[in-house]
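One structure coming up, written as structure tokens, with questions to follow.
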Amino acid sequence: MSISTPERILVTSALPYINGVKHLGNLAGSMLPADVYSRAMRLLGHDVLYICATDEHGTPAELAAAEAGLSVSEYCDAMHAAQAEAGAAFKLSYDYFGRSSSESTQKLTQDFALALEENGFIEERTSKQVYSVADERYLPDRYVEGTCPNCAFESARGDQCDSCGKLLDPIDLIDPYSAVSGSRDVEIRDTNHLYLKQSDMSGRLREWVETHRADWPVLTTSIAMKWLDEGLRDRSITRDLEWGIPVVNGDGNIRDGFDGKVFYVWFDAPIAYIGATQDWAEKTGGDWEQFWRTDKGADETRYVQFMGKDNVAFHTLSFPTSIMGSEQPWKLVDELKAFNWVTWYGGKFSTSQKRGVFMDQAIDIAPSDYWRWHLMANAPEGSDAAFTWEEFQASVNSDLANVLGNFVNRITSYCVKKFDGVVPAGGEVTDAERWIETELTERLPRLISYYETREFRKAMAETRAIWAAGNEYLTQAAPWTHYKTDVDQAAMGVRVGLNLVALFGIIAQPIIPDAAEKILGAMNIPMDRRSWSFGNVADVLDALPHGHSVSAPPVLFSKIEEDDVATWRERFGGGA
RNA sequence: GGUGGGGUAGCUCAGCUGGUUAGAGCGCAGGACUCAUAAUCCUGAGGUCGAGAGUUCAAGUCUCUCUCCCACUACCA
């Protein structure tokens, strides 16, 4: 049941945008599953590198910084620190949490652009863009508002009218104004930008996506093929902004006419996966090339990306265009896991309407394990998944407190009470032991395979079923009954029960690392006995040395009360 | 509008290339047990699988039409 060949695995999760701490939906759709997967693969003995970073460029960062009265770089420093802290609080086990504003990413981005241009995949073109005189900046479509030419709604956005839903061009808006300042002093100006000629790459992209039809989820391939079928359009990869990566010539000087322009955040963000890996290498002395350069060992690396469905097009088309178009031996993604959204009682998370929970608030309310378990057990894999306080309460109370927590408590405290906290010897194998052995022989390999195929809901359900089987075993073995007449037979039940506690802690590690640590600590399991190399199940059930001392951990999960739910619902606007 | 995903027990969801009485967890009802965080274990009730039509010996599963929800739609990221 242990793995046959250890592999080198690179894991990345979609980069969280720099503006503020992320909400539960962001967490559940990329960072958390990437973390759970990384932890599971490490336990299976693979050599895993999990890289993430903040995505720091773009208009929203500039505007938020201005509003906060900070320079953009100060703002990003503060927000990066806040996100790093939130990630740590959720026990996200990044090997490196970098920044897209790092020097390495800057250099790589410029190098990619130069290589792409040399290979004919970049072209400079002129386009029309709205300029706000009062704000002294060009406005992205979404930041221009005005009256909808279709339905006369007065605050339609330049890209789409919120009232009638029609797609718009900011040039069509009647009476346009800046969404930043409200100023009506806006004009259309010509501006030059670099375009990535994705259209020239569509053949190679289609071929590549086709090779992954079998192993990528439907959600992934269907989105990619849709864009390809519609015909890939060339995409502008620069913006009129101050904050970002400057566009340079091969000599390092600013490209002619590109003062005040920087690369578009979506061009440099995925490159930050590479940049952050270089930064990791710089810091740890690791070898970044074996993860990214196919001529330096990356062919033997498996690269797995995690993201929300909104990011799929960028990861299956745009970024691969950069990689392929560079004609350099960069590593392409092998496996891609995309998630739908976590919704808030079926609706959207909304900061302004106080609907939804952000990572820092969540940690104030409940331990990270609670969130990790609930979000993974209800991961939005097949479709959007609704978060409700009631479901959260049910997950925590039933799965964690009652099934797992109570199991650990009932058997360890009984052992302490009746067997001096020592793993007892003695007893005969009965039907109960044969039953649990059969259960685990079926379930453990299945659990591992769910992790390998990144089917998280199923992995969680299997984990829970294994925990529940422990309770069923105790009911069958009933050591408390045997104790009255046959202490040796009671010892069998207690011993197997204790070994189950250890096993449950071991399989819980990727999901609920804090509780797993408490369990394994109470059971005195040394670090080198916590990995996922199970051998045969009979041995697993008698792994603890007889005479080994254990203790009963304090209550692992306290229950969520009705009052808590009522309070949270009021505070966060659920159930409306 | 276009494209994609989804509509399966009260709730949240599984059901692969069509094949015996449609599954899980929660919730609910009854029973058992008493080591344990009134926990656990067993049993049970509960579904015209969004609607309609078609293909087939056989459809939740394939085809078509309709309907509702969600996302994306390329300068928000």
Side-chain angles (χ1 to χ4, degrees), chain A residues 14-19 55 57-61 63 127 129-130 138-144 157-160 165-167 169-170 193 198 218-219 221-227 229-230 232-236 238-240 264-266 269 308-314 317-318 340-341 343 346-348 377-388 390-391 393-395 397-403 405-415 417-418 455 457-458 460-461 464-465 468 470-476 478-481 483 490 493-494 497 552 554-559:
Chain A
L15 305 189
Y17 194 66
I18 190 70
N19 276 20
D55 175 14
H57 299 134
T59 306
L63 295 178
S127 63
Q129 192 68 32
V130 175
Y138 282 90
L139 298 173
D141 292 359
R142 183 163 290 210
Y143 288 89
V144 185
R157 292 195 320 258
D159 56 346
Q160 182 168 27
K166 190 174 169 59
L167 294 180
D169 193 307
H193 284 295
Q198 298 188 129
V218 187
L219 184 63
T221 48
S222 66
I223 292 174
M225 291 312 288
K226 173 224 157 191
W227 284 52
D229 288 343
E230 282 182 1
L232 276 188
R233 283 180 242 161
D234 298 337
R235 191 167 192 135
S236 149
T238 53
R239 291 288 183 277
D240 292 286
Y264 174 40
V265 29
W266 259 112
K309 61 183 169 185
D310 57 330
N311 280 337
V312 170
F314 292 102
L317 305 168
S318 304
N340 291 282
W341 303 125
T343 63
K348 280 187 181 178
N378 298 283
E381 289 182 301
S383 63
D384 293 350
F387 175 91
T388 67
E390 293 73 15
E391 292 285 327
Q393 178 189 30
S395 291
N397 291 359
S398 169
D399 301 343
L400 294 183
N402 294 348
V403 174
N406 180 56
F407 176 80
V408 171
N409 183 242
R410 67 193 292 207
I411 192 66
T412 53
S413 59
Y414 189 74
C415 172
K417 214 177 296 174
K418 303 288 191 185
E455 294 177 89
R457 274 179 183 257
K458 289 180 178 171
M460 298 308 116
R464 196 202 117 94
N471 281 311
E472 190 175 344
Y473 167 74
L474 281 189
T475 300
Q476 288 184 33
W480 46 88
T481 305
Y483 192 83
V494 169
V555 168
L556 291 166
F557 309 100
S558 52
K559 290 192 193 179

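So you know, we letter chains A, B, ... as the sequences are listed, proteins then strands, and number each from 1.
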Task: Rounded interatomic separation in angstrom, taking CG from Asp141(A) and C1' from rA77(B) - done: 14 Å
Task: Met460(A) CE - rC26(B) P separation (whole Å) - done: 17 Å
Task: Leu400(A) CG to rC26(B) P, straight-line distance once rounded to whole Å - done: 13 Å
- [ ] Can you tell me the distance, in whole Å, between the CD atom of Glu391(A) and the C1' atom of rA24(B)?
- [x] 13 Å
Task: Nearest-Å distance for atom pair CH2/P, residues Trp341(A) and rG5(B) - done: 17 Å
Open item on the list: Assuming nearest nucleotide by heavy-atom distance, tell me which of Ala385(A) and Ala394(A) is located more 5' along RNA chain B.
Closed with: Ala385(A)
- [ ] Considering just the side-chain nitrogens and oxygens of Asn402(A), establish if one lies under 4.0 Å of OP1 or OP2 belonging to rU40(B).
- [x] yes
Task: Earlier contact from the 5' end, RNA chain B, for Lys309(A) and Lys458(A) - done: Lys458(A)
- [ ] Could you tell me the separation between the NZ atom of Lys418(A) and the C1' atom of rU34(B), rounded to a whole number of Å?
- [x] 12 Å
Task: Euclidean distance, atom CZ of residue Phe407(A) to atom P of rC35(B) [Å, nearest integer] - done: 16 Å
TODO: State whether the distance check finds a donor on one side and an acceptor on the other, under 3.5 Å, for side chain Glu472(A) versus base rC41(B).
DONE: no
Open item on the list: Does the structure show Trp480(A) stacking with rC35(B), if we require the centres to be closer than 5.5 Å and the planes to be within less than 30 degrees of parallel?
Closed with: yes
